[in-house]
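These notes are about the structure you will find just below.
One-based numbering, in listed order, for ligands and for the atoms of each.
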Amino acid sequence: MKLALFDNYRVGIVDGDQLADVTDAIEGHDPAWPYPFVPRMIASFDRVRPKIEAMLPRARRVPISQVKLRPPVPTPLNIVAAASNYKAHSAEMKQFIGAGRFGTEMSGTRGDSFASALPSVANRPEGMRGDVFLKSATSIIGPGDTILLPDTVPGNEIHHEGEFACVIGREAYRVARKDAIDYVFGYLGLMDITVRGGGDRSRRKSYKGFAPIGPWIALKDEITDPTDVKVRLWVNDDLRQDAHTGDLIESLAEVIEFASHTHPLMPGDLVTTGSPA
Ligand code: MN
């Protein structure tokens with residue numbers, strides 16, 4: 001099942017090139033900010049799903065091409081992002097930073113590992129974990145929306161980072177990697193748009209429009225193995241990123257484990273796994 005929000009934050013299930021409008025199955029649906037029906041729907045989806053399925057055969061269909069798709073989670077409490085989590089990207093960043101391409105970017109904030117008392121990860125040095133950071137939830141935009149380029153120092157590069165992300169389904173606090181995927185509601189694409197250069201990473205990645213997400217949430221029946229997903233990003237017809245989640249240094253489950261040992265992840269929160277080269 002693929003779950004979309006569209007037009008006035010109606011709830012649709014993807015059916016080929018159409019959406020089935022199942023909004024009436026959603027208890028307490030209210031299309032006004034801050035859209036509290038979304039995390040509630042996610043948290044209670046075991047109860048909601050049978051209602052959606054009952055409504056599906058007779059639900060009104062609309063062509064996807066004729067609706068305005070909305071970000072499928074418009075107001076998460078947290079966007080947790082893994083930094084430099086593919087070997088190729090890590091190496092590339094070290095090379096560019098070493099060459100001074102991104103100005104005064106602090107080497108200690110990128111591509112490095114941090115000591116952790118959590119169990120080790122196969123692809124990291126013993127006792128070390130990769131970094132995660134928070135990105136502003138108000139940087140979220142939906143499919144087809146416009147990324148506004150901010151007023152930065154001339155010459156500062158702004159990069160697209162196409163990433164595999166998940167939506168958390170229930171409160172996750174201090175969860176082990178073996179249980180982590182049980183806390184996932186579904187998956188989506190996220191672009192972690194980034195200003196390269198010096199200064200705090202959360203600010204450089206949190207400008208308005210810097211978190212396009214979507215186009216919908218693929219629930220876990222659609223993606224049964226999050227370690228076997230292709231991640232590709234095009235600019236017009238130019239394929240710029242082409243990766244596979246099997247090449248992540250830390251898997252999604254390991255990122256959730258690490259992040260959830262800092263603070264609780266709540267229903268509707270987004271966890272994104274990091275950019276390929
Ligand atoms: Mn990123």
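- Note that CZ of R170 is 12.0 Å distant from CG of L265, once rounded to the nearest 0.5 Å.
- At distances below 3.5 Å, at least one donor-acceptor pair connects side-chain atoms of D7 with backbone N or O atoms of K68.
- Heavy-atom contacts from other residues, nucleotides or ligands closer than 6.0 Å to CZ of R40 number 12 or fewer.
- Shortest non-hydrogen contact noted between P143 and I213 is CD-O, 3.6 Å.
- Sorted by first then second residue, the salt bridge (Lys or Arg N to Asp or Glu O under 4.0 Å) pairs that include residues 239-257, not counting sequence neighbours, are R124-E250, R129-E250, R129-E257, R177-E254, R177-E257, D238-R240.
- Within the sub-2.8 Å shell of the Mn ion (ligand 1), the protein contributes these N/O/S atoms: E161 OE1, E163 OE2, D192 OD2.
- Two residues are said to be in side-chain contact when any heavy atoms from C-beta on lie closer than 4.5 Å; R47 and S44 meet this criterion.
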